[in-house]
Structures are given as C-alpha cells and as structure tokens.
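Predicted, not measured: the structure shown is a model, and the values here were computed from it. Here, residue 1 is the first one in the sequence, and each next residue gets the next number.
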Amino acid sequence: MTEQPDTPDLHSTETAPTADANAAELERLLAKARERYEVGFETLTVDDAPLEILQIRNMTGHLDRLIATNAIKDPLRDLPLWAKIWPASFLLGRFLRKLDPAGKSLLEVGAGCGVTGLIAARYGFARVTITDVHDDALLFARINVLRNGLADRVEVRRCDITAARLNARYDVIAGAEILYLEDLHRPLAKFLARHVASGGQAMLCTDKRRKAAHFLKLAGRDFDVAEQPVGIKSTGDDGQEERRLFLVHRLTPKRTGAAPAAPA
C-alpha cells in the first residue's frame, strides 16, 4: 500500500488559481509568517534574474527568545536552520541547469525555504516539488513560490523521508546540506532508491567539511556515485569573504527497469 505524505493546506492543485487568487493567498500566508517572525524579502540573483526569498530579519532576537524559553533541546533539530539561504542551496540550484531540465520533474528534499527548487524551476524543470518536515519551512517555501510567480510549476508539500513512500518517481531528486544528521543517512538512501526514476539521478551538495562517507557507503548499494568538488566565494557570518569548497554528489541508479517518472 502506498503511503502519502501529509500535506498542509498551503495550496490546492485541483484547479489553476488566478493571479488574484495567488496574490490573496500570498498575503494570507505572509500575515501568518508575520505573526511568528519579523520577516522581509532578500533578493538572490541567479544569472541576472532576481529571486525574492523570505528571511527572518532579527535572527539574533529570535534565537534569544528560543534560548530564554528553553526551546532548544537539540541544536541541529530545533534551530531554524531551514530559514537560512545556504550557499550549497544556491550552488546546487545553479548546477542543476546542466541537466537539460526541459520536461523533467524534480523533487527537493529537506528544502527549507526552497532555494534550490526555485532556482531549478527558473532553469526550466517542468514540475518541481519542494518538501520539508518543518511546518514553518513549508510556509516560507510556499510564500517564496507565490512571490516569484512560480505557482504554475512548483508545489510545496510535507514529506518525511523516514516514513513517506510517494506514488511517483522523479527524474531528479535534489538536496542541499541534508547529510548533517547521520541517523538520517540510511532512510535517505532508501528513499532515494525508491523514488529516483529509471534514467534519473539524485544530486546532493554539501560543504566538504561535513562527513558524507557513511551516507555514500550506504547509497553505493543502489547507486553509482560520482563526486565533483566546486569552490565558491561566500560571505561568512562575520561579514568577511571566504572561499569554501563544496562537493556535489551525483547518484545514478545501478538497477535497470525501474518505472518511469510519474507526474509530480
């Protein structure tokens, strides 16, 4: 029996919404975000085309409130890591343009605010599905989809890779900085094996300083793994420019005869 992931009431795919309906939905969701955070849009430029990404403005104050209320039990799980524009997300999104995206489906896992998926949509993927398990990440991602006029090709839905079995395979599954929790390596490897289409691939990007060997060993049972280092210049949290090295992992299924990608 196929399990469907829970989907929050952030959108409906039953009918194509009008521009006015999208604008009204954007305002409703922005009001919801403003109830929880001090927010504003940050412009991310992709090949001279701007994307507006919703960000938490006063992150320091927000973190102080979390600490004051003892809300942080496990920093890697409880901190709003989903809200940040990670360099790996931007890098992976730009890397995806090399995959001849026209007509292809893409699933982004652990998407946070959805930067990689939004860039992929801009590059021409026919259908992009942005997923996360955090409700506020899904809220921010949906706002970003609407703000950038991409609702016709991008959907946002909840997906827990430890439990979900989707009724579709995807030409590309993408994930940026999703290997930092080792206890998710095994379920992630299994999830990718179930949902990458025949002839498709998974593309993961991570800072070289993060340990990925355990995941790659697990994934190597079902995938041929290739690795490409990519260096970029970025601005650190201290405002200083730094050069960082990332690894893009390309996972291609070993087994043949998998079902073709179904519409996402």
Side-chain angles (χ1 to χ4, degrees), residues 41-56 59 75-76 79-101 104 106-125 128 130 132 137 141 144 148 170-182 184-185 188-189 192 196 200-220 223-252:
F41 287 97
E42 181 174 328
T43 300
L44 185 66
T45 303
V46 183
D47 293 343
D48 298 324
L51 280 172
E52 294 191 26
I53 308 297
L54 191 69
Q55 294 284 276
I56 298 174
M59 182 62 80
L76 290 179
L79 288 173
L81 302 176
W82 52 267
K84 183 176 178 178
I85 300 176
W86 294 94
S89 299
F90 179 77
L91 189 156
L92 181 58
R94 296 204 61 208
F95 203 90
L96 293 171
R97 75 191 188 280
K98 302 177 180 180
L99 301 185
D100 189 21
K104 291 181 179 177
L106 179 138
L107 173 71
E108 184 184 4
V109 294
C113 56
V115 171
T116 297
L118 293 170
I119 296 174
R122 279 285 178 84
Y123 279 132
F125 278 87
V128 175
I130 291 173
D132 205 287
N144 292 334
N148 291 285
Y170 297 84
D171 296 307
V172 179
I173 299 181
E177 298 291 19
I178 59 174
L179 300 180
Y180 61 93
L181 293 174
E182 189 167 315
L184 293 181
H185 287 180
L188 175 61
L192 296 177
V196 173
Q201 58 196 298
M203 302 286 290
L204 307 180
C205 182
T206 185
D207 191 306
K208 190 178 185 297
R209 294 171 295 185
R210 304 194 197 285
K211 297 179 181 179
H214 178 252
F215 168 78
L216 295 176
K217 180 179 179 180
L218 294 171
F223 295 94
D224 292 318
V225 180
E227 187 175 271
Q228 179 173 339
V230 182
I232 66 169
K233 292 182 179 179
S234 65
T235 302
D237 293 336
D238 59 359
Q240 299 298 310
E241 187 177 85
E242 58 183 0
R243 184 166 182 82
R244 298 172 61 183
L245 185 62
F246 292 82
L247 296 175
V248 176
H249 306 287
R250 185 191 299 252
L251 282 62
T252 307

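- For Ala176, the side chain to side chain contact (heavy atoms under 4.5 Å, CB included) partners two or more places apart in sequence, or in a different chain, are Ala88, Ser89, Leu92, Thr116.
- With contacts defined as side-chain heavy-atom distances shorter than 4.5 Å, the pair Leu179/Arg210 does not qualify.
- Geometric assessment of Lys98 against the ring of Phe95 yields a positive cation-pi assignment under the 6.0 Å and 45° thresholds.
- In this structure, Leu118 and Cys113 approach most closely via the heavy-atom pair CD1-O, 4.3 Å.
- Listed for the Arg250 side chain is no donor-acceptor partner under 3.5 Å among the backbone atoms of Gln228.
- Nearest approach of Ala83 to Gln55, heavy atoms of both residues: O-NE2, 2.7 Å.
- How far NE2 of His214 is from CD of Glu182: 5.0 Å, rounded to the nearest 0.5 Å.
- If you check the side chains of Gln201 and Thr252, you find no donor sitting under 3.5 Å from an acceptor.
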Step-by-step side-chain contact (heavy atoms from CB on, under 4.5 Å) determination, Leu91 to Val230: CA-CA 9 Å; Leu91 189 156; Val230 182; 3.7 Å; yes
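- Pairing each heavy atom of Pro87 with each of Phe246, the nearest pair is CB-CZ, 3.8 Å.
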Assess whether side-chain contact (heavy atoms from CB on, under 4.5 Å) is satisfied between Asn144 and Phe41, documenting all intermediate values. CA-CA 9 Å; Asn144 292 334; Phe41 287 97; 4.0 Å; yes
Test log, rule side-chain contact (heavy atoms from CB on, under 4.5 Å), inputs His249 and Leu216: CA-CA 9 Å; His249 306 287; Leu216 295 176; 3.7 Å; yes
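- Val46 and Phe90 get closest at one heavy-atom pair: CG2-CE1, 3.8 Å.
- Looking only at side-chain heavy atoms (C-beta outward), Val115 and Ile53 come within less than 4.5 Å of each other.
- Side-chain atoms of Arg244 and Lys208, non-hydrogen and from C-beta on, never get closer than 4.5 Å to each other.
- Remark: Ala121 pairs with Val128, Leu150, Arg153, Val154 by the side chain to side chain contact (heavy atoms under 4.5 Å, CB included) rule, at least two apart or across chains.
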CA sep, side-chain torsions, deciding dist, call: Tyr170, Val196, side-chain contact (heavy atoms from CB on, under 4.5 Å): CA-CA 5 Å; Tyr170 297 84; Val196 173; over 6 Å; no
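- Screening Leu99, Ile173, Leu251 against Met203 for a side-chain contact (heavy atoms from CB on, under 4.5 Å) leaves a single residue, Leu99.
- Asp47 is linked by a side chain to side chain contact (heavy atoms under 4.5 Å, CB included) to Arg94, Arg97, Tyr123, counting only residues two or more places apart in sequence or in another chain.
- Contact of the Leu247 side chain with the Leu204 side chain is not registered, since no non-hydrogen atoms from C-beta on lie closer than 4.5 Å.
- For the pair Gly231 and Leu245, the tightest heavy-atom approach, listed with the atom from each and the gap, is N-CD1, 3.9 Å.
- Between Asp171 and Leu106, the closest side-chain pair of non-hydrogen atoms is not below 4.5 Å.
- Leu96 and Ala120 make their closest contact through CD1-CB, 4.0 Å (heavy atoms, listed as atom of the first residue, atom of the second, distance).
- In this structure a side-chain-to-backbone donor-acceptor pair under 3.5 Å is present from Asn148 to Glu52.
- Note that CD of Glu42 is 10.5 Å distant from CG of Leu54, once rounded to the nearest 0.5 Å.
- Side-chain contact check for Leu51 versus Ile119: some heavy-atom pair is nearer than 4.5 Å.
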